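The next block holds one structure in the form of structure tokens; read it before the comments.
Since this is a predicted model, take the numbers as computed values, not measurements. All ligand and atom numbering here is 1-based and tracks the order in the structure.
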Amino acid sequence: MRIGVLTGGGDAPGLNAAIRAITRKAGHEGWEVLGFRNGWLGVLERDYIPLDRDTVKGILPRGGTILGTSRTNPYKRRGGPEKLLRNLERLGVDALTPIGGEDTLGVALRLSQQGVPLVGVPKTIDNDLFETDYTIGLSTAVETVSDALDRLHSTAEAHHRVMVLEVMGRHAGWIATLGGLAGGADLILTPEVPFVVEEVLLHIRRRHEELRRMFSVIVVAEGARPKELESSIVQEAGVDEFGHTRLGGIGEFIAHQIEKLMGYEARVTVLGHLQRGGSPSSFDRILATRLGAAAVDMVKEGTFGVMVALKSNRITSVPLEKALRGSRSVDLDLYQLAHYFY
Ligand code: F6P
């Protein structure tokens with residue numbers, strides 16, 4: 001038996017832990033593992049490295065991915081799908097275990113519909129896949145946000161300022177909401193609930209004037225937008241192979257409104273890729289290990305076209321179509337809970 005593994009899309013802490021788990025579990029079965037480099041590009045170009053106990057030694061705590069990643073969409077390249085099928089056959093790959101988010105697993109779904117036996121592994125710091133409670137990377141990103149908020153609190157208080165922290169989250173506000181809850185944010189703005197600028201200002205004024213809290217810390221997801229705007233603020237025109245724009249700027253927008261319309265001093269921190277880098281949290285290491293090992297179990301029992309998932313702390317598998325039926329919004333109970341602490 002020979003299986004292929006790849007990591008696609010934005011990297012996330014815990015990818016190496018998943019690669020290690022797949023390799024080690026497959027090793028126990030006596031299988032060979034090919035690690036394709038840079039996501040689907042590696043399959044298109046037959047660019048791979050053999051993975052075994054030795055090659056995955058010491059990678060559990062490492063951020064990034066030893067395989068590299070890319071946002072390559074084979075279905076956007078001429079002859080791409082045919083090439084994928086041909087290369088997998090030539091290399092004698094019996095099954096694939098792609099690790100990724102909506103884009104990488106979207107390609108996996110189409111390939112599986114063309115008959116490729118595969119099991120997806122959910123990864124994205126955005127946590128916006130359906131049918132799994134958590135995806136690999138979210139926990140570490142939330143730790144980073146919570147740590148940033150602790151630091152911003154002390155400087156905000158010292159200077160009597162409003163600090164705006166812009167975090168990742170294209171369609172869903174999981175990072176903003178969980179990070180904001182953990183770090184005691186005074187306001188959380190997410191893509192799911194467009195906000196009214198006037199209400200944000202009133203909230204800050206109330207804190208200052210009624211509660212005598214002379215500083216505030218706001219967390220805003222990059223995909224959040226004011227009701228007045230039709231779409232999220234983008235950094236530059238153009239889209240990637242999956243049609244995504246590069247978001248960024250909402251934090252600056254909010255801080256500017258606060259300074260201009262209220263006269264309070266405001267500063268912005270864009271946390272950016274710090275949320276994706278670094279060593280995974282223990283939670284992400286364990287989640288990735290459980291999911292990676294389960295993917296090998298699925299291959300062994302011949303369950304394909306699925307994604308391994310965490311549901312109520314049990315590892316299970318779900319059809320890829322169900323996991324990819326859109327973008328999973330943040331749990332509104334959590335979002336509401338945060339309001340009690342504003
Ligand atoms: O992986 C998802 C994500 O974290 C989004 O929240 C963000 O918009 C995107 O990645 C940015 O990725 P990059 O800068 O690598 O294109």
Salt bridge check, Lys57 against Asp54: does any charged N sit closer than 4.0 Å to a carboxylate O? yes
Tell me which one of Ser281, Ser279, Ser282 satisfies side-chain contact (heavy atoms from CB on, under 4.5 Å) with Thr140. Ser281
Could you tell me if Asn16 and Arg62 have a donor-acceptor pair between their side chains, going purely by distance under 3.5 Å? no
Under 4.0 Å between a side-chain nitrogen and a carboxylate oxygen: does that hold for Asp128 and Arg328? no
Between Arg246 and Glu236, is there a salt bridge with N-O shorter than 4.0 Å? yes
Is the shortest distance from a heavy atom of Gly169 to ligand 1 less than 4.0 Å? yes
State whether the shortest distance between N or O atoms of Met168 and N or O atoms of ligand 1 falls below 3.5 angstrom. no
Examine the side chains of Asp11 and Thr69 and answer whether a donor and an acceptor come within less than 3.5 Å of each other. no
Write out the residue and atom name of the closest protein heavy atom to atom 2 (C) of ligand 1, then the distance separating them to 0.1 Å. Asp126 OD2, 3.5 Å
When you measure from atom 6 (O) of ligand 1 to every protein heavy atom, which one gives the shortest distance, and what is it? Glu222 OE2, 2.7 Å
By number and element, which atoms of ligand 1 are closer than 4.0 Å to a non-hydrogen atom of Arg170? 6 (O), 8 (O)
Closest to atom 13 (P) of ligand 1 among protein heavy atoms sits Arg71 NH2, 3.4 Å
Just go through Lys123, Gln235, Arg276 and tell me whose heavy atom is the nearest to atom 11 (C) of ligand 1. Arg276
Which option, His244, His273, Arg246, His171, owns the non-hydrogen atom nearest atom 14 (O) of ligand 1? His273
